[in-house]
Novice: 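Input: one structure, supplied below.
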Number of protein chains: 2
Amino acid sequence: MTIEQQFFNEFRLMYRPFTNQLNKQLEQYQLYSSQWAVLRFLIDKGPHSLVEIANFMSIEKPSVTRLVQKLVELGYVETVAGKDKREKVVQLTPFGENIVQEVQEHLKPFLEKALAGVSKQDTEIASRVLANISKNIHQ
Amino acid sequence: MTIEQQFFNEFRLMYRPFTNQLNKQLEQYQLYSSQWAVLRFLIDKGPHSLVEIANFMSIEKPSVTRLVQKLVELGYVETVAGKDKREKVVQLTPFGENIVQEVQEHLKPFLEKALAGVSKQDTEIASRVLANISKNIHQ
DNA sequence: CATAATTAGTTAGCTAAGCTAACTAATTGA
DNA sequence: TCAATTAGTTAGCTTAGCTAACTAATTATG
């Protein structure tokens with residue numbers, strides 16, 4: 001087995017258990033990891049349209065529509081008119097911003113436990129490797 | 001954003017595009033990435049029962065039943081009696097072994113392209129980080 | 001040793017997290 | 001001006017799981 005194969009193997013083996021555990025951590029906020037990813041994007045990069053969210057997350061527009069609909073229902077985000085009459089800009093509500101802060105705090109020990117025994121340097125390297133792959137794969 | 005958050009962010013952002021592209025690569029063999037993961041396990045670790053496959057992949061037994069059913073249909077694997085009358089041991093057919101070799105070869109350039117610009121050392125580090133997380137997360 | 005508990009596997013039906021196709025409404029460009 | 005493009009939606013499908021409830025076989029216990 002080549003090192004490339006090894007890497008993608010480990011990647012796949014980690015994905016499901018991690019996402020399951022993350023979803024458990026998010027349950028009390030009525031969030032799934034996919035919805036949380038949208039909130040994370042909004043807090044990190046500010047308000048964005050649905051198409052921009054879709055592009056960033058590499059998912060299709062209808063998927064974003066549903067994620068955002070759910071987050072609106074929960075009162076975590078709201079949509080406002082964009083520069084177009086077509087465009088809808090999604091932004092966090094004040095309540096949503098509080099929730100995001102709270103979730104960040106709540107997740108901290110979980111993420112730290114997941115990375116226990118891994119040095120900052122190695123975490124950074126792994127992070128860069130993943131970003132690099134995204135870049136290589138894109139298009 | 002902490003480095004831990006950054007890492008898991010990159011992880012999530014990479015997952016879908018990578019899996020989509022991998023599924024495209026596997027299409028000509030009538031395989032999905034989940035089925036390919038089973039074949040990979042069998043070629044690497046030899047014949048195993050359904051429960052053993054489930055444990056290794058961190059998925060539930062019914063999910064394995066379906067994956068294996070499909071692989072049997074394709075003629076890539078067969079099941080033989082285990083030491084028990086209950087146990088079914090899954091093993092590659094000679095045809096399946098050929099296919100796995102062929103797929104490995106076919107995927108090589110794809111995986112190399114995905115990891116282009118990443119050093120062997122960094123790939124290894126990232127690989128170890130992922131394995132470490134799997135270990136930390138496990139139950 | 002009989003029966004209770006456990007284990008391997010299956011079936012049925014559900015869910016998360018996407019997808020494509022086809023549409024409307026608004027905008028842009030030839 | 002009207003054709004093409006773009007933002008967003010709805011409907012319905014798919015992958016890759018899941019849980020609950022079951023059968024058949026095995027193991028442990030009173």
Side-chain angles (χ1 to χ4, degrees), chain A residues 11-27 30-41 47-73 77-90, chain B residues 11-27 30-41 47-73 77-90:
Chain A
F11 181 78
R12 162 167 265 278
L13 283 178
M14 189 200 121
Y15 180 77
R16 176 77 29 191
F18 176 75
T19 304
N20 286 349
Q21 296 257 21
L22 180 57
N23 279 336
K24 246 176 241 170
Q25 295 292 322
L26 294 171
E27 214 169 40
Q30 292 172 269
L31 286 171
Y32 291 111
S33 63
S34 52
Q35 296 156 357
W36 172 239
V38 174
L39 295 180
R40 281 292 315 278
F41 173 66
H48 280 86
S49 72
L50 277 89
V51 163
E52 287 164 342
I53 296 173
N55 288 341
F56 180 79
M57 294 180 70
S58 306
I59 60 179
E60 299 305 313
K61 291 185 297 173
S63 308
V64 178
T65 298
R66 294 225 181 133
L67 289 173
V68 169
Q69 274 169 355
K70 185 68 194 177
L71 292 172
V72 169
E73 268 178 49
V77 308
E78 60 195 356
T79 56
V80 299
K83 53 184 182 306
D84 258 19
K85 273 183 194 165
R86 294 172 299 179
E87 203 180 67
K88 274 185 174 181
V89 170
V90 185
Chain B
F11 180 77
R12 162 168 265 279
L13 283 177
M14 187 200 122
Y15 180 78
R16 176 79 26 195
F18 176 74
T19 304
N20 286 348
Q21 295 257 22
L22 180 57
N23 279 335
K24 246 175 243 170
Q25 295 292 323
L26 293 172
E27 214 169 41
Q30 294 172 268
L31 287 171
Y32 290 112
S33 64
S34 53
Q35 295 156 358
W36 171 238
V38 175
L39 295 181
R40 282 293 315 279
F41 173 66
H48 280 86
S49 72
L50 277 89
V51 163
E52 287 164 343
I53 296 173
N55 289 341
F56 179 78
M57 295 179 71
S58 304
I59 60 178
E60 298 306 313
K61 291 186 296 171
S63 308
V64 178
T65 297
R66 293 225 181 134
L67 290 172
V68 168
Q69 273 169 355
K70 185 67 194 176
L71 292 172
V72 169
E73 268 178 51
V77 308
E78 60 194 356
T79 56
V80 298
K83 53 184 181 306
D84 260 20
K85 272 182 195 164
R86 295 172 299 180
E87 203 179 68
K88 273 184 174 182
V89 171
V90 185

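Letters A, B, ... are given to chains in the order of the sequence lines, protein chains preceding strands, and every chain is numbered from 1.
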Novice: Any side-chain N or O of B:N23 below 4.0 angstrom from OP1/OP2 of D:dA16?
Specialist: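 Result: yes.
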Novice: May I have the distance from B:D84 (atom CG) to C:dA8 (atom P), rounded to whole angstrom?
Specialist: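 Value for this atom pair: 8 Å.
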Novice: To the nearest 0.5 Å, what is the distance between OG (B:S49) and CZ (B:R86)?
Specialist: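 Spacing of OG (B:S49) from CZ (B:R86) equals 10.5 Å.
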Novice: Which nucleotide wins on minimum distance to the side chain of B:P62, given the candidates C:dT10, C:dC19, D:dG8?
Specialist: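 When the side chain of B:P62 is considered, C:dT10 is the closest of C:dT10, C:dC19, D:dG8.
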Novice: Name the nucleic acid region contacted by A:S63, choosing base, sugar-phosphate or nothing; use a 4.0 angstrom heavy-atom cut-off, strictly under.
Specialist: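 A:S63: base contact, heavy atoms under 4.0 Å.
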Novice: Heavy-atom nearest nucleotide on DNA chain D for A:V89 versus A:N20: which residue maps closer to 5'?
Specialist: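 First, find each residue's nearest nucleotide; the 5'-ward one identifies A:V89.
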Novice: Using a strict cut-off of less than 4.0 Å between a Lys/Arg side-chain nitrogen and an Asp/Glu carboxylate oxygen, indicate whether B:E73 and B:K70 qualify as a salt bridge.
Specialist: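 Yes, this pair counts.
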Novice: Please state how far atom CD1 in A:I59 lies from atom P in C:dT20, giving the value in whole angstrom units.
Specialist: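 These atoms are roughly 12 Å apart.
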Novice: Roughly, in whole Å, what's the span from CG in A:L67 to C1' in C:dC19?
Specialist: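 A:L67 atom CG is separated from C:dC19 atom C1' by 13 Å.
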Novice: Indicate whether OP1 or OP2 belonging to D:dT9 is found under 4.0 Å from a side-chain N or O atom of A:K88.
Specialist: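 For A:K88, the contact criterion (side-chain N or O under 4.0 Å from OP1 or OP2 of D:dT9) is met.
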Novice: Where the side chain of A:L50 is defined as all heavy atoms beyond and including C-beta, which of D:dT26, D:dG8, C:dG9 is the nearest nucleotide?
Specialist: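 Nearest listed nucleotide: D:dG8.
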Novice: Which nucleotide in the set C:dC19, C:dT10, D:dG17 lies at the smallest distance from any side-chain heavy atom of A:E60?
Specialist: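 Nearest to the side chain of A:E60 among the choices is C:dC19.
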Novice: Nearest-Å distance, NZ (A:K83) to P (C:dA25)?
Specialist: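 The answer, rounded to whole Å, is 21 Å.
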Novice: Quickly work out the B:K61 NZ to D:dT23 P distance and round it to whole Å.
Specialist: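 To the nearest whole Å, that distance equals 14 Å.
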Novice: Can you tell me if the side-chain N/O atoms of A:T65 get under 4.0 Å from OP1 or OP2 in D:dT9?
Specialist: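 Checking D:dT9 against A:T65, a side-chain N or O does come within under 4.0 Å of OP1 or OP2.
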Novice: Just checking B:S58: base, sugar-phosphate only, or nothing, at a heavy-atom cut-off of under 4.0 Å?
Specialist: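 The answer is sugar-phosphate, as B:S58 gets under 4.0 Å only of primed atoms, P, OP1 or OP2.
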Novice: Taking atom P of C:dG18 as reference, at what distance in whole Å does atom CD of B:Q21 sit?
Specialist: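 Between P of C:dG18 and CD of B:Q21: 16 Å.
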Novice: From the list C:dA25, C:dT11, C:dA17, which nucleotide is the closest neighbour of the side chain of B:R16?
Specialist: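 Closest of the options to the side chain of B:R16: C:dA17.
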Novice: Hey, could you give me the OG/CZ distance between A:S58 and B:R12, rounded to the nearest 0.5 Å?
Specialist: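 Rounded to the nearest 0.5 Å, the OG-CZ separation comes out at 11.0 Å.
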Novice: For A:K85 and A:T19, find the nucleotide of DNA chain C closest to each by heavy atoms; which residue's nucleotide sits nearer the 5' end?
Specialist: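 By nearest-heavy-atom nucleotide position, the 5'-most residue is A:T19.
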Novice: To the nearest Å, give me how far apart CG (A:N55) and C1' (D:dT6) are.
Specialist: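 So the CG-C1' distance, A:N55 to D:dT6, works out to 12 Å.
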Novice: Both A:E87 and A:R66 contact DNA chain D. Taking the nearest nucleotide for each, which residue is further toward the 5' end?
Specialist: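 The answer here is A:E87.
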Novice: Less than 3.5 Å between a donor and an acceptor, one on the side chain of A:R86 and one on the base of C:dT27, is that the case here?
Specialist: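 Under the 3.5 Å cut-off, the side chain and the base do not form any donor-acceptor pair.
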Novice: Side-chain N or O of A:S49 versus OP1/OP2 of D:dA7: is the shortest distance under 4.0 Å?
Specialist: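 Checking D:dA7 against A:S49, no side-chain N or O comes under 4.0 Å of OP1 or OP2.
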Novice: Using whole Å, report how far NE2 of B:H48 lies from P of C:dG9.
Specialist: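 Roughly 12 Å, once rounded to whole Å.
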Novice: Are any of B:Q69's side-chain N or O atoms less than 4.0 Å away from OP1 or OP2 of C:dT11?
Specialist: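 Yes, B:Q69 has a side-chain N/O under 4.0 Å of OP1/OP2 on C:dT11.
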Novice: Among B:L39, B:N23, B:V38, whose side-chain contact (heavy atoms from CB on, under 4.5 Å) with B:L31 holds?
Specialist: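 With B:L31 as partner, side-chain contact (heavy atoms from CB on, under 4.5 Å) holds for just one option, B:L39.
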Novice: With under 30° as parallel and over 60° as perpendicular, where do the rings of B:F11 and A:F11 fit, or are they tilted in between?
Specialist: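 The arrangement is tilted - the two ring planes meet at 30° to 60°.
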Novice: Determine: side-chain N/O of B:R12 to OP1/OP2 of C:dG18, distance under 4.0 Å, yes or no.
Specialist: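 For B:R12, the contact criterion (side-chain N or O under 4.0 Å from OP1 or OP2 of C:dG18) is met.
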Novice: Would the B:H48 and B:F41 ring centres measure less than 6.0 Å apart?
Specialist: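 Aromatic pair counts; centres sit under 6.0 Å.
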